[in-house]
Amino acid sequence: MLQINFVRENKEEVLKRLAVKNFKDADAIITQAISLDAERRLLQKESDDVKAEANALAKQIGELMKSGKMGGIKEFAKNLIPNHSYSKGQEVEAIKARTAELKQKEKSLDDTLKAKEEEIHTLLVQVPNLPNVSVPLGKTPEDNETVFEHGEKPTLPATAQPHWELATKYNLIDFELGVKLTGAGFPVYKGKGARLQRALINYFLDKAIAAGYMEVQPPILVNEDSGYGTGQLPDKEGQMYFVGEDKLYLIPTAEVPITNIYRDVILKENELPIKNCGYTPCFRREAGSYGKDVRGLNRLHQFDKIEIVQIAAPEKSYQILEEMREYVAGLLKELNLPFRILKLCGGDMSFASALTYDMEVWSAAQKRWLEVSSVSNFESFQTNRLKCRYKDANGKTNLCHSLNGSALALPRIVASLLENNQTDNGIKVPEVLVKYTGFEMIN
RNA sequence: GGAGAAAUGGCAGAGUGGUCGAUUGCGGCAGUCUUGAAAACUGUUGAAGGUCAAACUUCCGGGGGUUCGAAUCCCUCUUUCUCCGCCA
């Protein structure tokens with residue numbers, strides 16, 4: 001969520017940059033939020049003044065009663081409403097009447113204030129993050145900018161098979177069985193298929209740890225506050241599985257629990273950057289995305305992913321984004337998969353991101369690019385919701401920046417490994433994985 | 001799941017209706033002393049809104065209530081601890 005103070009002070013800039021994200025109602029929403037905020041501050045002042053008077057009265061009554069000077073109370077009451085005369089014994093009642101009046105006023109002001117704040121909030125949560133100045137213009141994935149390409153696309157013989165056929169041929173993955181147990185999109189990995197999964201998880205975690213990330217094992221169900229903190233709620237509840245009985249959501253990515261570790265936390269500047277990694281299964285309903293690109297491992301309801309998350313000082317976050325991008329690229333190089341890196345255009349970026357790189361591997365039999373990672377800088381968009389802050393050298397509290405990336409998502413890596421490395425004698429396991437799998441060939 | 005107890009500032013721990021945003025200790029920061037460090041001493045040290053800056057307001061697990069006035073009393077929710085039951 002954008003900060004209202006920033007929006008207020010940089011309206012033109014905000015509108016200009018929202019246009020890059022093709023956000024339609026920017027002008028109306030921003031203008032209204034700013035005007036509501038002005039009203040809000042006036043109300044706040046008014047309410048504060050009323051409270052200040054009530055507090056002062058209560059305090060004085062306390063002092064008078066404490067000193068036992070009932071006569072003092074009489075004088076006090078007279079000053080309260082100067083031209084009013086009181087009959088005996090009414091002094092205290094007069095004071096009470098005045099505070100009751102104030103209290104009523106306070107309540108009505110606070111109700112209005114609260115409503116105003118909610119209105120502003122409702123408007124602001126609809127506004128996406130501002131894209132970084134380097135984000136290319138564009139509306140569709142066609143407009144993404146390829147910033148890096150690596151590796152040779154293998155040329156496969158005519159007999160080459162897509163991964164879902166290979167998976168069946170070598171008895172690695174049973175899609176039908178998954179349907180029996182759960183439903184479409186919940187495959188069962190078996191034998192070397194299961195072992196390959198486990199090998200990849202361990203390999204990715206070991207690499208992340210070596211790169212300075214601390215491993216965490218978070219819960220894979222989260223509450224509503226967490227869903228809100230990273231921005232899945234209130235908008236995308238339809239994409240998450242929900243356990244109604246306990247009001248918990250199955251995580252769509254480890255980003256949610258790991259980033260929420262830092263919700264309502266004030267960090268010391270020397271603790272930054274915080275680098276966490278974690279393996280979790282991820283659950284996505286993928287409502288409305290059916291078609292042929294869901295074939296095999298291309299799009300699942302449950303899949304495994306290793307996520308890297310960093311909480312950084314604002315002035316370092318873009319440098320860190322590049323480091324994270326290099327880190328993920330390094331993994332793909334080691335796995336010997338041809339890949340490209342895209343800088344997403346304004347129209348293709350996620351709601352919360354300021355700059356995103358997508359990493360896509362070449363899937364040789366399907367002859368298409370598959371997204372296996374997305375590395376983003378959210379700047380202070382998430383941390384504003386999370387209230388994740390740090391104290392700088394001057395003792396001032398500022399919002400941190402948050403970043404995350406997949407490192408990596410397994411299914412499409414597996415798909416690409418199977419397809420690209422297929423030979424007449426079986427599928428060759430990449431060298432770096434052999435010590436994790438314990439076998440060199442799948443046959 | 002049943003019974004009881006508790007939830008206060010980075011941590012520990014006072015405070016049971018009236019200058020309490022909160023005693024005190026530890027920790028942190030700054031200074032004095034020292035060649036330097038430690039120790040000792042002095043000062044300082046929560047967050048949010050608001051303001052040019054102040055004033056001022058809010059926050060003692062969350063929400064609601066009683067009262068002129070609540071950290072303090074009442075209701076409710078959540079969490080933690082102890083005991084019992086069940087159990088990987």
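Lettering of chains follows the sequences in order, A, B, ..., and the numbering in each one begins at 1. Quick note: numbers below take in every heavy atom, side chains included, and nothing from hydrogens, waters or symmetry partners. Nothing here was measured: the structure is a model prediction, and the numbers come from that model.
Residue pairs meeting the salt bridge (Lys or Arg N to Asp or Glu O under 4.0 Å) criterion with at least one partner in residues 381-392 of chain A, sequence neighbours excluded, do not occur; the list is empty. Residue pairs meeting the side chain to side chain donor-acceptor pair (under 3.5 Å) criterion with at least one partner in residues 342-352 of chain A, sequence neighbours excluded, are A:Ser134-A:Lys343, A:Asn144-A:Asp348.
With both ends at atom C1', the span from B:C33 to B:G43 equals 15 Å, rounded to whole Å. Between B:G63 and B:C59, the distance separating the two C1' atoms is 14 Å to the nearest Å. Distance noted for atom P between B:U23 and B:A14: 14 Å (whole Å). Remark: the separation of the C1' atoms in B:G10 and B:G27 is 7 Å, to the nearest Å. Straight-line distance between the C1' atoms of B:U34 and B:U44: roughly 22 Å, to the nearest whole Å. Across B:U24 and B:C77, the matching C1' atoms stand 33 Å from one another, rounded to whole Å. With both ends at atom P, the span from B:U80 to B:U16 equals 28 Å, rounded to whole Å. Separation of the P atoms belonging to B:A30 and B:G65 is 46 Å when rounded to the nearest angstrom.
Using modelled atom types, one side-chain atom of A:Lys192 and one backbone atom of A:Met441 make a donor-acceptor pair closer than 3.5 Å. With hydrogens and angles disregarded, no donor-acceptor distance shorter than 3.5 Å links the side chain of A:Ser416 to the backbone of A:Arg412.
The nearest whole Å value for the distance from the CG atom in A:Leu113 to the P atom in B:A48 is 18 Å. One can place CZ of A:Arg41 at 18 Å from C1' of B:A55, the figure rounded to the nearest angstrom. The nearest whole Å value for the distance from the CG atom in A:Leu102 to the C1' atom in B:C56 is 15 Å. Summarising the geometry, the separation between CZ on A:Arg8 and C1' on B:U51 is reported as 12 Å, rounded to the nearest angstrom. Between the C1' atom of B:A48 and the CZ atom of A:Arg40 lies a distance of 11 Å, rounded to the nearest Å. Remark: P of B:G50 and NZ of A:Lys116 are 16 Å apart, rounded to the nearest angstrom. Remark: C1' of B:C56 and CD of A:Glu46 are 14 Å apart, rounded to the nearest angstrom. Rounded to whole Å, atom P of B:A48 lies 18 Å from atom CD1 of A:Ile120.
For the pair A:Arg17 and A:Glu13, the salt-bridge criterion is met [side-chain N within less than 4.0 Å of a carboxylate O]. Between A:Lys180 and A:Asp174 there is no salt bridge, since none of the side-chain N atoms of the basic residue sits less than 4.0 Å from a carboxylate O of the acidic one. With respect to the salt-bridge test (charged N to carboxylate O, under 4.0 angstrom), the residues A:Asp37 and A:Arg40 qualify. A:Asp49 has a carboxylate O that lies under 4.0 Å from a charged side-chain N of A:Lys45, or vice versa, which qualifies the two as a salt bridge. For A:Glu322 and A:Arg325, the salt-bridge test passes: some basic side-chain N is under 4.0 Å from an acidic carboxylate O.
For the pair A:Lys114 and A:Lys268, nearest-nucleotide mapping onto RNA chain B gives the more 5' position to A:Lys268.
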Donor-acceptor contacts under 3.5 Å from residues 29-36 of chain A side chains, at least two apart:
{"residue": "A:Thr31", "atom": "OG1", "partner": "A:Lys11", "partner atom": "NZ", "Å": "3.1"}
{"residue": "A:Thr31", "atom": "OG1", "partner": "A:Asp27", "partner atom": "O", "Å": "2.6"}
{"residue": "A:Thr31", "atom": "OG1", "partner": "A:Asp27", "partner atom": "OD1", "Å": "3.0"}

Output field dot_bracket for RNA chain B (Watson-Crick or G-U, both distances under 3.5 Å, | for other-strand pairs) contains ((((((((.[[[..)..(.....]]]((((((.......))))))((((......)))).[[[[[..)....]]]]])))))))....

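In terms of phosphate contacts, A:Lys103 brings a side-chain nitrogen or oxygen within less than 4.0 Å of OP1 or OP2 of B:G69.
Side chains of A:Tyr213 and A:Gln310: a donor on one and an acceptor on the other come within 3.5 Å.
The only option from A:His301, A:Arg284, A:Gln302 that meets the side-chain contact (heavy atoms from CB on, under 4.5 Å) definition with A:Tyr241 turns out to be A:His301.
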Collect all protein-nucleotide pairs involving nucleotides 57-59 of chain B in which both atoms are nitrogen or oxygen and the distance is under 3.5 Å.
{"residue": "B:U57", "atom": "OP1", "partner": "A:Asn55", "partner atom": "ND2", "Å": "3.2"}
{"residue": "B:U57", "atom": "O2'", "partner": "A:Asp48", "partner atom": "OD1", "Å": "3.0"}

Atom pairs, N/O to N/O, protein against nucleotides 44-47 of chain B, distance under 3.5 Å?
{"residue": "B:A47", "atom": "OP1", "partner": "A:Lys391", "partner atom": "NZ", "Å": "2.4"}
{"residue": "B:A47", "atom": "O3'", "partner": "A:Arg389", "partner atom": "NH1", "Å": "3.3"}

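Between A:Leu410 and A:Tyr189 the shortest side-chain heavy-atom distance does not fall below 4.5 Å.
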